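Residue numbers count from 1 along this sequence. These numbers come from a predicted model, not from an experiment.
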Amino acid sequence: MTDTPEEQERSPLAEALQQSKLGQLSPDQKPTGQAVLSAMGGVRGLVESLTPGFLFLLLYTITRDVWISVLVPLGLSLLFVAIRVITKGQSMLAFAGLIGVGLSAATALLTGRAENNFLWGFIVNGVLILVILITLAVRRPLVSLIAGALTEKPHAWRTEAAKRRVGFWATVLLLATFAARLAVQVPLYLMGESGVQALAATKLLMGTPLYAGVLWVVWLMVRSVSVDPGAKSKVS
């Protein structure tokens with residue numbers, strides 16, 4: 001039986017998602033902490049994503065020196081990439097982290113303001129909010145697109161009422177997460193130097209830990225309408 005045009009159109013997206021970390025969060029599988037951890041790069045990925053931010057907070061608290069506070073985390077990110085390349089690991093995650101740390105460091109150093117180390121994060125969150133709003137506006141919620149691409153029936157997320165509803169609200173949850181980051185962090189940024197430490201701490205808490213929690217909830221929501229009751233009882 002040949003694929004429908006709709007299924008053929010989704011193939012590139014499906015392949016890309018299956019090869020990415022999100023491919024481990026299949027709607028048909030029982031959610032596990034290990035799977036969520038793997039989707040975020042594993043323990044190694046968490047260390048690589050959290051350590052630069054923690055170092056910035058620690059060094060800035062001790063020294064109040066912008067150069068030291070941003071260059072040391074940048075050097076550590078370079079080391080992470082070098083280790084990934086040498087050990088033939090998945091260097092793309094480390095490279096992505098390095099780009100973010102590098103752009104943030106450059107902005108802070110060029111302006112001489114420690115709080116500008118967080119501008120790149122604001123831009124990323126703003127872009128994510130815009131993308132999600134567009135998917136909602138065209139009635140193709142981001143979560144529905146991802147969940148559909150990871151299943152054998154991608155069209156079901158647009159034609160079945162329960163799945164359409166869950167896809168919408170799960171996408172709204174993601175939108176609220178990114179919006180909450182800006183709502184909390186931008187006022188701290190506007191405080192200038194006096195808000196740098198609170199901003200750094202808040203970014204750490206509302207970064208990977210918050211995202212992991214939201215990812216878990218979204219997965220539970222998606223699975224609730226992806227597995228029939230009989231199958232669900234067998235894998236529970």
Side-chain angles (χ1 to χ4, degrees), residues 17 20-25 27 31-58 60-61 73 76-77 80 92-94 96-101 103-104 114-136 141-147 150 166-191 195-224:
L17 286 172
S20 72
K21 294 297 184 180
L22 285 177
Q24 303 187 46
L25 306 184
T32 64
Q34 182 60 43
V36 172
L37 179 62
S38 297
M40 302 188 71
V43 174
R44 185 176 183 178
L46 289 181
V47 170
E48 291 175 349
S49 64
L50 291 173
T51 305
F54 177 76
L55 262 182
F56 173 88
L57 174 59
L58 179 64
Y60 189 79
T61 299
L76 183 63
S77 294
F80 286 150
M92 287 304 298
L93 288 174
L98 174 61
I99 292 174
V101 174
L103 290 173
S104 298
E115 62 268 30
N116 284 342
N117 187 58
F118 304 94
L119 278 178
W120 176 247
F122 296 159
I123 294 173
V124 171
N125 277 278
V127 170
L128 290 172
I129 288 173
L130 179 60
V131 169
I132 292 175
L133 285 174
I134 291 174
T135 67
L136 290 172
L142 181 61
V143 171
S144 295
L145 292 175
I146 294 174
L150 293 175
V166 165
F168 172 81
W169 287 111
T171 302
V172 169
L173 177 59
L174 284 180
L175 176 64
T177 301
F178 298 129
R181 287 177 179 173
L182 294 183
V184 172
Q185 295 173 20
V186 170
L188 294 174
Y189 168 81
L190 295 177
M191 291 173 60
V196 171
Q197 289 166 280
L199 180 54
T202 302
K203 182 178 180 181
L204 281 173
L205 293 174
M206 300 186 76
T208 302
L210 176 61
Y211 181 65
V214 170
L215 197 60
W216 176 265
V217 174
V218 168
W219 195 6
L220 290 176
M221 293 174 68
V222 169
R223 184 174 183 270
S224 69

Y60 and F56 aromatic ring geometry - parallel, tilted or perpendicular at 30°/60° bounds:
parallel
Which pair of heavy atoms, one from E115 and one from L199, lies closest together, and at what distance?
O-CD2, 4.4 Å
Using a 3.5 Å distance criterion without hydrogens, assess whether the side chain of T135 forms a donor-acceptor pair with backbone atoms of I132.
yes
Would you mind reporting whether I129 and L175 have side-chain heavy atoms less than 4.5 Å apart?
yes
Would you list the pairs meeting side-chain hydrogen bond (donor to acceptor under 3.5 Å, both in side chains) in which at least one residue belongs to residues 171-185, sequence neighbours left out?
N125-R181
Smallest heavy-atom separation, S104 atom then W120 atom, equals OG-CB, 3.5 Å
Can you tell me how far the CG atom of L128 sits from the CD1 atom of I123, to the nearest 0.5 Å?
12.0 Å
Aromatic ring centroids of Y189 and F122 under 6.0 Å?
yes
Who are the side-chain contact (heavy atoms from CB on, under 4.5 Å) partners of L204, not counting sequence neighbours?
L50, F54, L57
To check you understand the geometry: which heavy-atom pair defines the closest contact between S49 and T208, and what is its length?
OG-OG1, 3.5 Å
How close do P73 and L55 get, heavy atom to heavy atom, and via which atoms?
CG-CB, 4.0 Å
Could you pull out the closest heavy-atom pair between S77 and P52, with the gap in Å?
OG-CG, 3.7 Å
I need the minimum non-hydrogen distance between T202 and A198, along with the two atoms involved.
OG1-O, 2.7 Å
